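Everything below concerns the one structure shown next.
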Amino acid sequence: MRLAPRTVPSDAQHTLEQAGVHPLLAQLYAARGVASAQELDAGLAQLLPPTGLLQADRAARLLADAIEQQRKLCIVADYDCDGATACAVGLRGLRLLGAQHVNFLVPDRVHDGYGLTPPIAERVKATGAEVLITVDNGIASIDGVAAAKALGMQVLVTDHHLPGDQLPQPEALVNPNQPGCPFPSKAMAGVGVMFYVLLALRAELRARGHWAQGAQPRLDTLLPLVALGTVADVVKLDANNRRLVTQGLQRIRQGAMPAGLRELFNVAGRAYETASTFDLGFALGPRINAAGRLSDMTLGIVCLSTDDATLAAELAQRLDHINRERRELEGDMRDQAMAVVDQLVPAGEEPPHALSIVGEDFHEGVIGIVASRLKDRLHRPIFVFAPSASADKQGQLKGSGRSIPGFHLRDALDLISKRHPEVILHFGGHAMAAGCTIHQEHFATFRDALERIATEWLDAATLQRTLETDGALPAHYRNVDMATTLQQAVWGQGFLPPVFSEPVEIVQQRIVGERHTKLQLRHQGELVDAIWFGHSEPLPRVATLAYRLDVNTWRGETNVQLVVEGMAEA
């Protein structure tokens, strides 16, 4: 691993310090592109206005007319955490704004596949819906939108995924990534897009005189769900997304959140009073995602949208149980996948530029997580395939891919589809995560094509694992207060949490839990505890380590602990 110190623009750091930002935080923020204190202002007034979102006004008029006419609305959700939170935000928000008849439908990952399809449109019509709203999907649903309109429904598409060459033709299409949209925050998650549509709808209803002067429903109650979906979908935390997440976390810490969120904190064993982005991304998000992977995302959506505390507690327990099953299944699949990798890549040899793996017994609901784990282990673009479990899709493979910086996965799939038109049946996604469906007999062609593109696009520097760090941590900042401050700040994709690095002396080391290394280090002359999770190889007496500042509470005593993230190559 190569440790690369971040560049800290001195002018930006000085400007932030002059504005009253703590010196260490000023350094960290400046290194992440923050140039002024205004960018750190997380107040609601600083949120980008919905007026900049293309067709948000059209969506608002469509929904306002539907509410006034008491038409029946149905939300078609995606089966991941972003889709579930976007659906719950839509249900709660539309009801707050006066919708009398609003329901939802979420496709089954195995039997229905992704997005709004013609069969899904027919099922929505059968519920009596007159207006169909997609959340976190729809930008690629050309046939599904056309089918819904042919059935007499009005269609509103809200999505954030990258569009293909052709766009659907709904009554309104809201997606910051569609051509011609001037909205600056292209990284909004699906839940953020739905929240913005509700902001536009409230403004439209206000203009129509729906409420007395100064009285209107408060949509900030939805921000805890917006924060969860934004963090869980691992979108880039640009300034606007950081404001959405900060506002959501503030309400969660005050206990102002839906019953289902509170119960998810309980089953995860996390304290909502000190909630962090880590809790959202690694404790709550996986429990919601597990429902869509192994069961029915209806469980997750109802958990997040109900106000019945008893029902919320029951559903949170079920989601926790499903997540435990998911972890066991994922562990088994990961071991099988690593066995395949060991066969493909002999010990001591460098792996190819990209890898594609298929497992006859793999579960398609967990292949994305396995791909992510393999990508982290090998630092290569990875695709993991599983046979489709749907009876009408025998002979097809569902694939999920994860990538490394410098390799745009969706663009790679697009290029494969152009070079080999017969191979990919469907594909979509982002730069770092994407999915596709192929026929089983085309697996070898796909594998070779992906590796060929990776060979063309990736050079030796990109293939070397690099960890950006924030340099040495001054000893006087190595305390519980600073560790807590850093934990409570908003970090995530594109705004990564602080990782410090410097040479340290290894005083003691021992294996705990069979696969973790517990350390005692001499850091700037003082002894400090550290742990390296998932690492069991012995360390040299002196090593340059990259680490996070953490708080460890054991038997009622709270101390600073360093969590090692990596070690510089000798």
Side-chain angles (χ1 to χ4, degrees), residues 5-6 8-9 12-43 46 223-224 227-228 230-231 237-239 241-255 265 270-284 468-502 521 523-524 526 528-531 545-554 556-565:
R6 298 178 186 273
V8 183
Q13 181 177 355
H14 178 72
T15 298
L16 293 174
E17 288 185 26
Q18 291 298 107
V21 179
H22 185 284
L24 179 60
L25 290 174
Q27 172 201 324
L28 300 174
Y29 290 145
R32 286 155 178 78
V34 176
S36 70
Q38 184 179 359
E39 295 177 56
L40 301 174
D41 185 346
Q46 296 299 321
L223 286 167
L228 172 58
T230 299
V231 173
L237 289 189
D238 60 18
N241 278 341
R242 293 200 304 277
R243 291 180 184 116
L244 291 171
V245 173
T246 301
Q247 288 288 333
L249 281 173
Q250 287 175 356
R251 285 159 179 77
I252 290 172
R253 291 167 187 163
Q254 295 163 1
F265 272 96
R270 311 295 295 186
Y272 68 78
E273 295 88 348
T274 56
S276 66
T277 50
F278 180 89
D279 294 321
L280 300 183
F282 294 96
L284 273 65
E468 288 190 305
T469 78
D470 295 287
L473 175 70
H476 59 277
Y477 291 146
R478 194 189 61 239
N479 56 62
V480 171
D481 287 343
M482 179 53 66
T484 302
T485 296
L486 295 180
Q487 284 184 342
Q488 296 290 289
V490 171
W491 313 101
Q493 183 69 26
F495 204 77
L496 294 174
V499 174
F500 305 98
S501 65
E502 59 201 292
L521 311 176
H523 175 263
Q524 299 184 20
E526 299 176 6
V528 60
D529 291 332
I531 190 166
L545 300 182
Y547 59 87
R548 289 186 291 108
L549 195 60
D550 192 30
V551 176
N552 183 44
T553 301
W554 176 248
E557 189 173 340
T558 299
N559 293 295
V560 165
Q561 174 180 256
L562 307 184
V563 177
V564 180
E565 296 287 335

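On a predicted model such as this, the values are computed, not experimentally measured, just so you know. Numbers for residues simply follow the sequence, beginning at 1.
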Test side-chain hydrogen bond (donor to acceptor under 3.5 Å, both in side chains) applied to Thr558 - qualifying residues, sequence neighbours left out: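 Thr553.
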Test side-chain hydrogen bond (donor to acceptor under 3.5 Å, both in side chains) applied to Gln524 - qualifying residues, sequence neighbours left out: Glu502
Donor-acceptor pairs under 3.5 angstrom involving side-chain atoms of residues 16-31: please list them, not counting sequence neighbours.
{"residue": "Glu17", "atom": "OE2", "partner": "Gln13", "partner atom": "NE2", "Å": "3.2"}
{"residue": "His22", "atom": "ND1", "partner": "Leu24", "partner atom": "N", "Å": "3.0"}
{"residue": "Gln27", "atom": "NE2", "partner": "Asp470", "partner atom": "O", "Å": "3.1"}

Output a table of donor-acceptor pairs, distance under 3.5 Å, between side-chain atoms of residues 34-42 and any protein atom two or more places apart or on a different chain; print 'none' if there are none.
{"residue": "Glu39", "atom": "OE2", "partner": "Ala35", "partner atom": "N", "Å": "2.9"}
{"residue": "Glu39", "atom": "OE2", "partner": "Ser36", "partner atom": "N", "Å": "3.3"}
{"residue": "Asp41", "atom": "OD1", "partner": "Gly43", "partner atom": "N", "Å": "2.9"}

Would you please name every residue forming a side chain to side chain contact (heavy atoms under 4.5 Å, CB included) with [X], sequence neighbours left out?
{"X": "Ala546", "result": "Leu3, Leu467, Thr469, Val499, Ser501"}
{"X": "Phe278", "result": "Arg270, Ser276, Phe282"}
{"X": "Asn552", "result": "Trp554, Gln561"}

Donor-acceptor pair, side chain of Arg242 and main chain of Leu237, under 3.5 angstrom: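 Between the backbone of Leu237 and the side chain of Arg242 there is a qualifying donor-acceptor contact (under 3.5 Å).
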Pairs satisfying salt bridge (Lys or Arg N to Asp or Glu O under 4.0 Å), at least one member in [range], at least two apart:
{"range": "residues 18-28", "result": "none"}
{"range": "residues 483-501", "result": "none"}
{"range": "residues 488-497", "result": "none"}

Smallest separation among heavy atoms of Ile252 and Ala275, with atom names: CG2-CB, 3.7 Å
Interatomic spacing from CG in Leu249 to CG in Leu228 - rounded to 0.5 Å: 10.0 Å
Stepwise side-chain contact (heavy atoms from CB on, under 4.5 Å) test for Leu549 and Leu562: CA-CA 5 Å; Leu549 195 60; Leu562 307 184; 3.7 Å; yes
Evaluation steps, side-chain hydrogen bond (donor to acceptor under 3.5 Å, both in side chains), between Arg243 and Gln247: CA-CA 6 Å; Arg243 291 180 184 116; Gln247 288 288 333; over 6 Å; no
Under 3.5 Å, which donor-acceptor pairs do the side chains of residues 487-498 form with other protein atoms, sequence neighbours left out?
{"residue": "Gln487", "atom": "NE2", "partner": "Asp550", "partner atom": "OD1", "Å": "2.6"}
{"residue": "Gln488", "atom": "OE1", "partner": "Arg253", "partner atom": "NE", "Å": "3.2"}
{"residue": "Gln488", "atom": "NE2", "partner": "Thr274", "partner atom": "O", "Å": "3.1"}
{"residue": "Trp491", "atom": "NE1", "partner": "Leu486", "partner atom": "O", "Å": "2.7"}

Side chain to side chain donor-acceptor pair (under 3.5 Å) pairs, two or more places apart, involving residues 473-483: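 Side chain to side chain donor-acceptor pair (under 3.5 Å) check on residues 473-483 returns Arg478-His523, Arg478-Glu526.
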